[in-house]
Amino acid sequence: MKTKMTKHAVLSSGAKMWRSLACAKSELRLDLTLACGQTFRWKESAEGHWTGVMGGRVWTLTQTEDTLWYYVYANPDTQNGRGVSLLDKKRSEKRSVDSRMKNEEEPHVVTDQQEGEVEAEMMLKDFLQLHVKLGDLYRKWGAADPHFKEIADIFKGVRILRQDPTECLFSFICTSNNHISRIQGMVERLCQALGAPLCQLDQTAYYDFPTLSALADSSVEACLRDLGFGYRARFLQQSAKQILDTHGLQWLESLRRLPYVEARDALRTLPGVGTKVADCVCLMSLNKSEAVPVDTHVWQIAKRDYKYTTDSGQKSLTEKIHRDIGDFFRKLWGPYAGWAHSVLFCADLKKFQNLKEPARVKQPKAEKESGKKSKTTKTKREFDGKGEDTKIKSESQKRAKACVKRQKSFRSHKITHFSDSTFN
DNA sequence: TTCCGACCTCG
DNA sequence: GAGGTCGGA
């Protein structure tokens, strides 16, 4: 049977179908928040319009200066679009002050539609964690950390999402030894192959994220290998199976109630989940705002902007480096360190370099000569002590190269309060 | 504790 | 090599 083609919603053509929330851009920047690598399924469907799946529904979000606009599409297959998914699972979660207030303020009879609208608003607020006042946090981080302050003025509104733990975990298992564009394709194929279809907009079909049971099926590894997941195919299937076999369906959600370290260690027992992936899942879906995912990129940031060095010139990211850098940033930024980290992370992404003012990008030309380079190398070597001259040739070349690169991006602030070797 | 190679594919 | 993890030295 032929159904009417549904299109991606656009605010300019039909604003009355949209709903809105008051929300300043300093509290939320959709473009930065949805494209900085914490989630992989939101796409810019029209200029400034972001479409993705959340809570079993397809949404389009957009924003004007002080307003966040949202549009929720009907799922054709679930009774008239009023799918249960909206209502049931979020209900039991801890509700914020919001809902309590609502119950008191609305003693009159509410229709299904009104209830659905209230529900949608709550889900969106929850997903975006709008109860967290980002402006206040930025001020605190900036006061404690001049380098942060410098970056933060340009990269306002970078916010950590509160994602579904299953989607978050299995998406991040895909990230190992991988790059963003490929991860996006993989997650999309994963949903297409194993997720329930939701709706189609223009030429794009949207799917829900696969359930644990779907992922745990023994046929999944082969299926995903065919879809180009490589060795990750086995991790995905095995992790799903392990969760169901030894813990049960509700286990991931239950980790939200555990302290950070316990939740992280629990996640690390799963195949394909190391320290970094576990930290991502903790921060982005389990309410652990202090979790700081340390990857090679964050390590670079720590070295470049915070003078982090190891006493033995480490080449690979060890457990100790993870711990030291995480602890360092927690000490510097406090209990929302993971959120602050994401701001700097975002600011370092190549795709967002155009946001930095031109003046800074232009600088590097003059300082290409060698004087500075050797200085940096020397500083580092002072901490190593040991003569590693045999290796140092290629190493120092590498360092020099990296150093030149660094000069290019930016280099004018002076952080002096953390020049000691390792953070404790 | 730290290091290394292997693991998959592709922009 | 890419926003890692695992197993074995």
- Query: For the ring pair A/Phe229 and A/Phe235, is the centre-to-centre distance below 6.0 Å?
  - Reply: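 Not close enough - the centres of the two rings lie 6.0 Å or further apart.
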
- Residue-phosphate contact under 4.0 Å: A/Arg232 side-chain N/O, B/dC7 OP1/OP2: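 For B/dC7, neither OP1 nor OP2 has a side-chain N or O of A/Arg232 closer than 4.0 Å.
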
- Message: Below the 4.0 Å mark, does C/dG3 have OP1 or OP2 next to a side-chain nitrogen or oxygen of A/Ser176?
- Response: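 Indeed not, no polar side-chain atom of A/Ser176 lies that close.
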
I need the [atom1]-[atom2] distance between [X] and [N], as an integer number of Å.
X	N	atom1	atom2	answer
A/Arg225	B/dT9	CZ	P	8 Å
A/Arg234	B/dA6	CZ	P	16 Å
A/Phe235	B/dT9	CZ	C1'	15 Å
A/Asn177	C/dC6	CG	P	13 Å
A/Asn178	B/dC10	CG	C1'	9 Å
A/Glu188	B/dT9	CD	P	19 Å

- Item | Check ion pair A/Glu27-A/Arg159 (N to O, under 4.0 angstrom) |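 Salt bridge flag = yes for A/Arg159 with A/Glu27.
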
- Message: By the 4.0 Å heavy-atom rule, please label A/Phe229 as base, sugar-phosphate, or nothing.
- Response: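 Touches nothing.
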
- With heavy atoms under 4.0 Å as the rule, sort A/Cys174 into base, sugar-phosphate or nothing.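 No contact at all - A/Cys174 keeps every heavy atom at 4.0 Å or more from the nucleic acid.
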
- For DNA chain C, write out the stems as range with range, using runs of 3 or more consecutive Watson-Crick or G-U pairs with both distances under 3.5 Å.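 The stems that DNA chain C takes part in, listed by first number, are B:2-7 with C:4-9.
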
Under 3.5 Å side-chain donor-acceptor pair for [X] and [Y]:
X	Y	value
A/Thr51	A/Thr60	yes
A/Thr62	A/Tyr71	no
A/Ser219	A/Asp217	yes
A/Asp145	A/Tyr306	yes

- Query: Which nucleotide in the list C/dG3, C/dG4, B/dG11 gets nearest to the side chain of A/Val277?
  - Reply: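 Nearest to the side-chain atoms of A/Val277, counting from C-beta on, is C/dG4.
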
- Query: When you measure from the side chain of A/Lys315, which nucleotide among B/dC4, B/dC7, B/dT2 comes out closest?
  - Reply: B/dC4

- Message: Among A/Gln63, A/Met123, A/Arg19, which residue satisfies the side-chain contact (heavy atoms from CB on, under 4.5 Å) criterion with A/Tyr70?
- Response: A/Arg19

- Message: Quiz question: going by heavy-atom distance under 3.5 Å, is there a donor-acceptor pair between the base of B/dC8 and the side chain of A/Arg182?
- Response: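 For A/Arg182, whose side chain was compared with the base of B/dC8, there is a donor-acceptor pair (under 3.5 Å).
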
